[in-house]
2 protein chains.
Amino acid sequence: MRQISRSRCRENLKSLRDVDAWCKAHGLRGTEGQRVVAKIVLDSRDYPDLDELRRRIATVSPRISLATVYRTLRLLIGLGLIERHTFQERPACYASALDKRQGHLIDTASGRVIEFQSDEIERLEGEIASLLGYRLTGHKLELYGEPIRAPALHRSQVRAPRSSRSR
Amino acid sequence: MRQISRSRCRENLKSLRDVDAWCKAHGLRGTEGQRVVAKIVLDSRDYPDLDELRRRIATVSPRISLATVYRTLRLLIGLGLIERHTFQERPACYASALDKRQGHLIDTASGRVIEFQSDEIERLEGEIASLLGYRLTGHKLELYGEPIRAPALHRSQVRAPRSSRSR
DNA sequence: GTAACTGCAAAGAATTTGCAGTCGC
DNA sequence: GCGACTGCAAATTCTTTGCAGTTAC
């Protein structure tokens, strides 16, 4: 299993030229609205939901409307640039599909999403599908869990106790 | 990998006494509405969506209202008796959680859902979670695929060809 | 100029809730 | 009688759409 290093995981679109070209190639205009929405989603590493996306978008172009956000997201999904995720019990969120990994582990305490890749599981999936008489066209693997070492581990909790030494 | 035999997969509640008792034990009344909704969902093997559920419920007790269906489903989910699934691109559907299997293969052609169990994958999931520092509390595995041999394979298509023998 | 894009407000779909009445124990 | 359950209609939430105006090429 490989965890995806967060630092180098998204191929941070060199400017937006890639997306722009990509859009154009697909009949999109690549207007400001589209570029801003695309850049924000593609550059986000944390699976923001719609509210959070709008907040981030607003810091760049406050005039982009809700409808435009939804419409652009739909376009980008159609192009296969981004994906919409609906993890258990939380609002839909969006993330780049460019560096698509097979699996997501959702930290039920913090909401954090960790991507991972297991070729082993991927192999088994294909095997299962074919045993059942199917050709695999898609898959979704979500793990839900809580951190093993104490909840959350805030910085303030890390301080060593007064007299006894924490092991 | 084990496919779940559809014929013996649900332990078809011997009458509704089980559920009834179970409900009572959890502070539910076990009124007609609750019993009917519970029985219908628990006995269904095909992941019916809300409309379909209401249709089936109506054949038994036509007066059960939409609100009651939703409320009862929520109660049953809370008790861990049933599960709500939201497979890609389709309306939410409900199924028993009593014979919970880890995996679902969704036939994108027919909409059919096939349950399976892979201890191998389950083991890997636990391994991955713990490598990432998490204790697994839940998981979801969905495979999407299309049938390999022609669509659907209806009974009428199974007939042997006129002159050559089908292997 | 045309077709794609946009904002706004209204429409829709799915689900929940407030309320007053009903039912089981 | 009390609290859980119910139907109904209204409310919420999330997302899409109609329309008229704007923009890019």
Side-chain angles (χ1 to χ4, degrees), chain A residues 16-17 19-41 47-55 57-58 60-79 81-94, chain B residues 16-17 19-41 47-55 57-58 60-79 81-94:
Chain A
L16 263 179
R17 228 164 300 134
V19 180
D20 201 37
W22 195 335
C23 287
K24 297 255 167 75
H26 285 269
L28 294 202
R29 270 285 167 73
T31 54
E32 189 196 346
Q34 296 181 331
R35 285 199 318 269
V36 170
V37 174
K39 176 155 181 55
I40 300 256
V41 182
Y47 294 73
D49 64 19
L50 198 94
D51 287 341
E52 181 55 26
L53 271 184
R54 290 202 75 195
R55 232 168 280 133
I57 290 166
V60 183
S61 314
R63 1 199 61 230
I64 294 178
S65 77
L66 176 62
T68 293
V69 175
Y70 271 117
R71 280 192 274 233
T72 305
L73 289 174
R74 195 158 27 128
L75 279 172
L76 295 173
I77 291 171
L79 293 179
L81 278 165
I82 71 175
E83 281 180 334
R84 181 180 188 272
H85 296 276
T86 50
F87 298 126
Q88 224 138 56
E89 311 286 317
R90 33 184 108 237
C93 60
Y94 301 83
Chain B
L16 262 180
R17 230 163 300 133
V19 180
D20 202 34
W22 196 334
C23 287
K24 296 254 165 77
H26 285 270
L28 293 201
R29 269 285 166 74
T31 53
E32 189 196 346
Q34 297 181 330
R35 286 200 317 270
V36 170
V37 174
K39 176 152 181 57
I40 301 254
V41 180
Y47 294 75
D49 64 19
L50 198 94
D51 288 341
E52 181 54 27
L53 272 184
R54 291 203 75 194
R55 232 168 279 132
I57 290 166
V60 183
S61 314
R63 1 199 60 229
I64 294 178
S65 77
L66 176 61
T68 292
V69 175
Y70 272 116
R71 280 192 273 234
T72 305
L73 288 173
R74 202 165 14 137
L75 279 172
L76 296 173
I77 291 171
L79 292 179
L81 279 165
I82 70 175
E83 281 180 335
R84 180 180 188 272
H85 296 275
T86 48
F87 299 127
Q88 224 138 57
E89 311 284 318
R90 33 184 108 238
C93 60
Y94 302 82

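In what follows, chains are A, B, ... by sequence order, proteins preceding strands, each numbered from 1.
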- [ ] Using the closest heavy atom to pick a nucleotide of DNA chain C for each, name whichever of Thr31(A) or Arg71(B) lands nearer the 5' end.
- [x] Thr31(A)
Open item on the list: For Thr68(A), is there any backbone N or O sitting under 3.5 Å from a side-chain donor or acceptor partner on Ser65(A)?
Closed with: yes
Rounded to whole Å, how long is the line connecting atom [atom1] of [X] with atom [atom2] of [N]?
X	N	atom1	atom2	answer
Leu66(B)	dT15(C)	CG	P	9 Å
Glu32(B)	dG24(C)	CD	C1'	14 Å
Ile64(A)	dG7(C)	CD1	P	7 Å
Leu76(A)	dT15(D)	CG	P	15 Å
Gln34(A)	dG7(C)	CD	C1'	15 Å
Arg63(B)	dC23(C)	CZ	P	11 Å
Arg54(B)	dT6(D)	CZ	P	13 Å
Asp49(A)	dT13(D)	CG	C1'	13 Å

Task: Nearest to side-chain heavy atoms of Arg29(A), which nucleotide of dT23(D), dT15(D), dC5(D) - done: dT23(D)
Task: Side chain of Ala67(B) - closest among dT17(C), dT6(D), dT15(D) - done: dT17(C)
Is there a side-chain contact between [X] and the phosphate of [N], meaning an N or O under 4.0 Å from OP1 or OP2?
X	N	result
Arg84(B)	dT15(C)	yes
Arg74(B)	dT17(C)	yes
Tyr70(B)	dT15(C)	yes

- [ ] Any chance you could measure Leu66(B), atom CG, to Arg71(B), atom CZ, to the nearest 0.5 Å?
- [x] 9.5 Å
Student check: side-chain heavy atoms of [X] and [Y] closer than 4.5 Å:
X	Y	value
Pro48(A)	Tyr94(A)	no
Leu75(A)	Gln34(A)	yes
Val41(A)	Thr72(A)	no

- [ ] For Leu50(B), answer base if it contacts any base atom (sugar-phosphate contacts may also be present), sugar-phosphate if it contacts only those atoms, and nothing otherwise; contact means non-hydrogen atoms under 4.0 Å.
- [x] nothing
